[in-house]
Amino acid sequence: MVRTARTVALAPVPRPWLVDALGALTDLAESTVAKDGRVLLPDGRQVPELRPAEGPGELLTEP
């Protein structure tokens, strides 16, 4: 059995940076659509290796 040990230094993320990053991710997620079994970004590019979910929880739809 192999055993490794690492030390990782963590620093807090400034709140304004976190709020901006989460806002950008939310905007991207809300503007992403599913079409013909593909997930498309707002600029029309397909997200590789990602397929839309099926069932009652599906949130990705063509606007």
Taking ILVMFWY side chains as joined if any heavy atoms are under 4.5 angstrom apart, and letting links pass through other members, which residues group with Leu10?
Val8
Which residues, ordered by chain and number, are linked to Leu18 in its hydrophobic cluster, where ILVMFWY side chains connect at heavy-atom gaps below 4.5 Å, directly or through other members?
Val13, Trp17, Leu22
Check whether any side-chain heavy atom of Val47 lies under 4.5 Å from a side-chain heavy atom of Leu40, and answer yes or no.
no
Heavy-atom pair of closest approach, residues Leu28 and Thr32:
O-OG1, 2.6 Å
How long is the span from the CD atom in Gln46 to the CZ atom in Arg51, to the nearest 0.5 Å?
5.5 Å
For the CG atom of Leu50 and the CG atom of Leu41, what is their distance to the nearest 0.5 Å?
9.0 Å
